[in-house]
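Below: one structure, written as structure tokens.
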Amino acid sequence: MRTVLRELIAIISLPLLYGVLCLPLTSLLLAQYPNEVNRFGGTQNTGLVIAIECLQLISLIICGFAARMIAGASSRLRLIQLGMTLEMLAIAVWVELQYWDAMPIWHHFVFFALIILGLAMGSALVDRWQPARS
């Protein structure tokens with residue numbers, strides 16, 4: 001039962017942690033360039049979009065690391081990781097559709113790819129870090 005609870009907490013914490021990390025950082029970045037923010041709350045400035053994507057990738061790596069640490073070792077780990085990635089993609093599609101005109105179209109697809117890569121990278125860091133700890 002303890003493993004199931006850890007897995008559930010990992011699944012729930014993933015989007016919450018992303019929201020706590022990435023949303024304020026992105027808002028702070030955009031606040032530095034108010035003339036570049038459009039009426040939708042995004043930007044068409046390529047440099048800012050790339051900076052936002054870097055923030056997103058860092059946040060997603062941290063989220064993948066944290067969720068993997070919370071979930072722990074389990075025989076269902078790959079299934080849990082797939083579920084967490086699909087969860088984040090579903091949330092991302094829903095949000096990105098609401099802000100489709102706020103950012104360049106290519107950003108949305110890059111963001112979806114970053115979710116897959118960032119979460120996998122964060123999880124892989126746990127596997128590399130844990131043997132060094134023991």
(message) Given 3.5 Å as the limit, does a donor-acceptor pair link the side chain of R6 with the main chain of I70, or not?
(response) yes
(message) Between L125 and I80, is there shared hydrophobic-cluster membership here, with clusters defined by ILVMFWY side-chain heavy atoms closer than 4.5 Å?
(response) yes
(request) Please round to the nearest 0.5 Å and tell me the distance separating atom CD of Q81 and atom CG of L119. (result) 9.0 Å
(request) Quick one: which residue pairs count as a salt bridge (Lys or Arg N to Asp or Glu O under 4.0 Å) with a foot in residues 73-88, not counting sequence neighbours? (result) E7-R76
Sequence neighbours excluded and cut-off under 3.5 Å, please list the side-chain donor-acceptor pairs for residues 101-116, or say none.
residue: H107; atom: ND1; partner: E53; partner atom: OE2; Å: 2.6
residue: H108; atom: ND1; partner: E96; partner atom: OE1; Å: 2.3
residue: H108; atom: NE2; partner: W100; partner atom: O; Å: 3.1

Residues 10-31, side-chain donor-acceptor partners within the protein, below 3.5 Å, at least two apart:
residue: S13; atom: OG; partner: I9; partner atom: O; Å: 3.0
residue: S13; atom: OG; partner: A10; partner atom: O; Å: 3.1
residue: T26; atom: OG1; partner: C22; partner atom: O; Å: 2.9
residue: S27; atom: OG; partner: L23; partner atom: O; Å: 3.1

(request) Mind jotting down which residue pairs meet the side chain to side chain donor-acceptor pair (under 3.5 Å) criterion with at least one end in residues 28-44? Sequence neighbours excluded, please. (result) E36-N45
(request) Group every Ile, Leu, Val, Met, Phe, Trp and Tyr by side-chain heavy-atom contacts under 4.5 Å, then state whether V95 and V93 land in the same group. (result) no
(request) Please test R68 against D127 for side chain to side chain contact (heavy atoms under 4.5 Å, CB included), starting from the C-alpha separation and ending with a verdict. (result) CA-CA 9 Å; R68 171 70 172 81; D127 294 334; 2.7 Å; yes
(request) Using the rule that two of Ile, Leu, Val, Met, Phe, Trp, Tyr join whenever any of their side-chain heavy atoms come within less than 4.5 Å, decide whether V37 and I50 are in one cluster. (result) yes
Can you give the donor-acceptor pairs under 3.5 Å from side chains of residues 54-63 to other protein atoms, not counting sequence neighbours?
residue: S59; atom: OG; partner: L55; partner atom: O; Å: 2.9

(message) Once ring-ring contact (aromatic ring centres under 6.0 Å, His included) is applied, what residue pairs with a partner in residues 37-76 remain, sequence neighbours excluded?
(response) F65-W129
